[in-house]
K.L.:
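Quick one: the structure is below, questions incoming.
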Amino acid sequence: MLRSLTRHGGQLLTRRLSAAASFAAPQHVSVSHRGYIGGSWGVHCGQTGGAGGAVAGVTDEGSRLASAASRVAGGGGTGGLRASGLEATSSAARGISTSAAARGKPGRIKFNALMRPHHMEELQLGHKFDLKRQRTGLIAIKCGMTAEWNEHGVRLPLTVLWVDDCQVTQVKTVEGEGYTSMQLGCGSKKPKQVNKAFLGHFKKFDLPIKRECSEFRVTPDALLPVGTMINAAHFIAGQFVDIQGTTIGKGFQGPMKRWGFKGLPATHGTTKKHRAHGSIGNSQDPGRVFKGKKMAGQMGGRKRTEQSLFVYKVDPVRNLIYINGHVPGHAGNYLTVKDALRKPPVGAPYPTWGFGGQPEVPTEVMTADMVDPFLTQAYTTQKQE
């Protein structure tokens, strides 16, 4: 089970345990690069009933780390084992709960999903969120769609996003709000268009009134001062982003348009029911329609996220971002853009340009280099032959 932690937290966990082993007076320590833990220094996984027992080390620190590591490695079980006069904590009460699907497909487990808060505290790793660096996103306006031909002559449908004076309007910290995040604002409004609470929020920080505000969770090392401008060059050409927005409202629609049903037969006795959905449930048992049944209803107008969209071009001077593909909503809608969760960026400025040792904002247009599809196809055909 610890194997699934290796991709994100396993190496850090291994370093912590190796450091603890240096002062725990071990005889020999076996900590492999894939996160398996062994040896006679106080970490043993109970085999009876899948129990994750802990044999304490020589020192209190070693026993504490050994207890936490054994629970991570052993998972849920029947109870702890007595060792060195200490009673190990029951893994069933504080162990790791994983489903059969999670154990069968460890690659699909979310970031550090197997680590519990008490594991993080005992291993002195802080909060789970702190292990992954995450910078802020930005707010953009959908301008519409266009098309360009890349260097290989391939036509690309592009959505143009405009970053209109995106600025940091508030910073939230652990000391103040209990977590770290930043509020960003985009666009502009007149004072008569907002209420007093909204107006006072911007007067407090001496900022212009923004039309749209959104909050982005970040790690503490990615916090930026209030008033910092976020340019379109915050994203680099060639990376992937997740874009969230409100889809186009379609009103009340039938099951064929809303869910793609094929409808009922056009002939064979069907009368005035050609576009109906058909049966919606059983008879007396269960005597009701199950929740979530696909039927006619309101379509669109919901918040949706398009994941892993390719950034083809970035124009820092005009604050334009060209996205390959479509994004939710009408032209003129506000969208939140942030680094892709499933395809993190490589080489993007962290936390942004002008901070953290990064140079100033570039001014040249950045265009992504794309793979020649014709050469790739020819190479694949030749390799198959």
K.L.:
Can you name the residues that form a salt bridge (Lys or Arg N to Asp or Glu O under 4.0 Å) with Lys172, not counting sequence neighbours?
P.N.:
Glu215
K.L.:
Do Ile139 and Phe205 sit in the same hydrophobic cluster, where Ile, Leu, Val, Met, Phe, Trp and Tyr count as joined when their side-chain heavy atoms come under 4.5 Å apart?
P.N.:
yes
K.L.:
Would you check if Tyr322 and Val160 make a side-chain contact, meaning some heavy-atom pair closer than 4.5 Å?
P.N.:
yes
K.L.:
What's the separation between atom CG in Asp164 and atom CZ in Arg211, rounded to the nearest 0.5 Å?
P.N.:
9.5 Å
K.L.:
Is the cationic atom of Arg133 (NZ for Lys, CZ for Arg) positioned less than 6.0 Å from the six-membered ring centroid of Tyr350 and within 45 degrees of its normal?
P.N.:
yes
K.L.:
Calculate, to the nearest 0.5 Å, the distance between atoms CD1 and CD belonging to Ile141 and Glu212 respectively.
P.N.:
9.5 Å
K.L.:
What's the spacing between Ile321 CD1 and Ile243 CD1 if we round to 0.5 Å?
P.N.:
7.5 Å
K.L.:
May I have all residue pairs that pass ring-ring contact (aromatic ring centres under 6.0 Å, His included) and include part of residues 213-232, sequence neighbours excluded?
P.N.:
none
K.L.:
Quick one: closest heavy-atom pair of Asn333 and Thr246, and the distance?
P.N.:
ND2-O, 3.6 Å
K.L.:
Using modelled atom types and a 3.5 Å cut-off, is there a donor and acceptor pairing between side-chain atoms of Arg135 and backbone atoms of Pro349?
P.N.:
yes
K.L.:
When you measure from the side chain of His152 to the backbone of Phe374, do you find a donor-acceptor pair of N or O atoms at a distance under 3.5 Å?
P.N.:
no
K.L.:
Could you measure the distance from the OG atom of Ser188 to the CD1 atom of Ile209? Nearest 0.5 Å is fine.
P.N.:
9.5 Å
K.L.:
For the backbone of Gly354 and the side chain of Gln358, can you confirm whether one donor and one acceptor N or O come within less than 3.5 Å of each other?
P.N.:
no
K.L.:
Quick check: closest heavy atoms across Gly238 and Phe310, and the distance to 0.1 Å?
P.N.:
O-CE1, 3.4 Å
K.L.:
Kindly say whether Thr136 contributes a backbone atom to a donor-acceptor pair with the side chain of His234 at under 3.5 angstrom?
P.N.:
yes
K.L.:
Any side-chain to backbone donor/acceptor pair from Arg258 onto Met295? Under 3.5 Å, distance only.
P.N.:
yes
K.L.:
Could you walk me through whether Val311 and Met366 pass side-chain contact (heavy atoms from CB on, under 4.5 Å), step by step?
P.N.:
CA-CA 10 Å; Val311 179; Met366 296 178 288; over 6 Å; no
K.L.:
Identify, with sequence neighbours excluded, every residue that meets side chain to side chain contact (heavy atoms under 4.5 Å, CB included) alongside Ala296.
P.N.:
Phe252, Pro255
K.L.:
Does the Thr247 side chain pair with the main chain of Gly329, one donor and one acceptor, at a distance under 3.5 Å?
P.N.:
no
K.L.:
Can you confirm whether Leu184 sits close enough to Cys213 that some side-chain heavy atom of one is under 4.5 Å from a side-chain heavy atom of the other?
P.N.:
no
K.L.:
Nearest heavy-atom pair of Val365 and Pro316: which atoms, and what distance?
P.N.:
CA-CD, 4.2 Å
K.L.:
Fit a plane to each ring of Phe202 and Phe198, take the angle between them on a 0 to 90° scale, and name the class: parallel (under 30°), tilted (30 to 60°) or perpendicular (over 60°).
P.N.:
perpendicular
K.L.:
Take atom CH2 in Trp162; do more than 12 heavy atoms of anything else shown fall under 6.0 Å from it?
P.N.:
no
K.L.:
For atom CG of Asn195, is the number of surrounding heavy atoms from other residues, nucleotides or ligands below 6.0 Å larger than 12?
P.N.:
yes
K.L.:
Are any of the side-chain heavy atoms of Thr180 and Val174 separated by less than 4.5 Å?
P.N.:
yes
K.L.:
Using every non-hydrogen atom in the two residues, find where Thr336 and Ser214 come nearest and quote the distance to one decimal.
P.N.:
CG2-OG, 3.5 Å
K.L.:
For Gln167, what residues pass the side chain to side chain donor-acceptor pair (under 3.5 Å) criterion, not counting sequence neighbours?
P.N.:
Lys210
K.L.:
Keeping to residues at least two apart or across chains, list the side-chain hydrogen bond (donor to acceptor under 3.5 Å, both in side chains) pairs with something in residues 292-316.
P.N.:
Glu148-Lys313, Gln244-Thr305, Gln307-Arg342, Asp315-Arg318
K.L.:
Would Val327 and Lys142 count as a side-chain contact (heavy atoms from CB on, under 4.5 Å) if you check the C-alpha gap in whole Å, the side-chain angles of each, and the deciding distance to 0.1 Å?
P.N.:
CA-CA 8 Å; Val327 300; Lys142 180 179 178 180; 3.7 Å; yes
K.L.:
Is any side-chain heavy atom of Gln170 closer than 4.5 Å to one of Lys204?
P.N.:
no
K.L.:
Could you state whether Ile236 and Met370 fall into the same hydrophobic cluster, counting links through intermediate Ile, Leu, Val, Met, Phe, Trp or Tyr residues with side-chain heavy atoms under 4.5 angstrom apart?
P.N.:
no
K.L.:
Between His277 and Gly263 (side chain of the first, backbone of the second, donor and acceptor by atom type, cut-off under 3.5 Å), is there such a pair?
P.N.:
no
K.L.:
Could you tell me which non-hydrogen atom of Gln239 sits nearest to which non-hydrogen atom of Pro345, and how far apart they are?
P.N.:
NE2-CB, 3.7 Å
K.L.:
Determine whether Leu224 and Ile230 satisfy the following criterion, side-chain contact (heavy atoms from CB on, under 4.5 Å), listing intermediate values before the conclusion.
P.N.:
CA-CA 10 Å; Leu224 300 172; Ile230 305 297; 3.8 Å; yes
K.L.:
Please tell me if the side chains of Asp339 and Phe235 come closer than 4.5 Å, counting only heavy atoms from C-beta onward.
P.N.:
yes
K.L.:
Kindly compute the distance separating CE (Met229) from CG (Leu138), expressed to the nearest 0.5 Å.
P.N.:
11.0 Å
K.L.:
Knowing that exactly one of Thr363, Asn319, Val163, Thr352 qualifies, which makes a side-chain contact (heavy atoms from CB on, under 4.5 Å) with Asn231?
P.N.:
Asn319
K.L.:
Connecting only ILVMFWY residues whose side-chain heavy atoms lie within less than 4.5 Å of each other, what is the rest of Leu341's hydrophobic cluster?
P.N.:
none
K.L.:
Ignoring hydrogens and angles, tell me if any N or O in the side chain of Asn282 forms a donor-acceptor pair with the backbone of Pro286 under 3.5 Å.
P.N.:
no
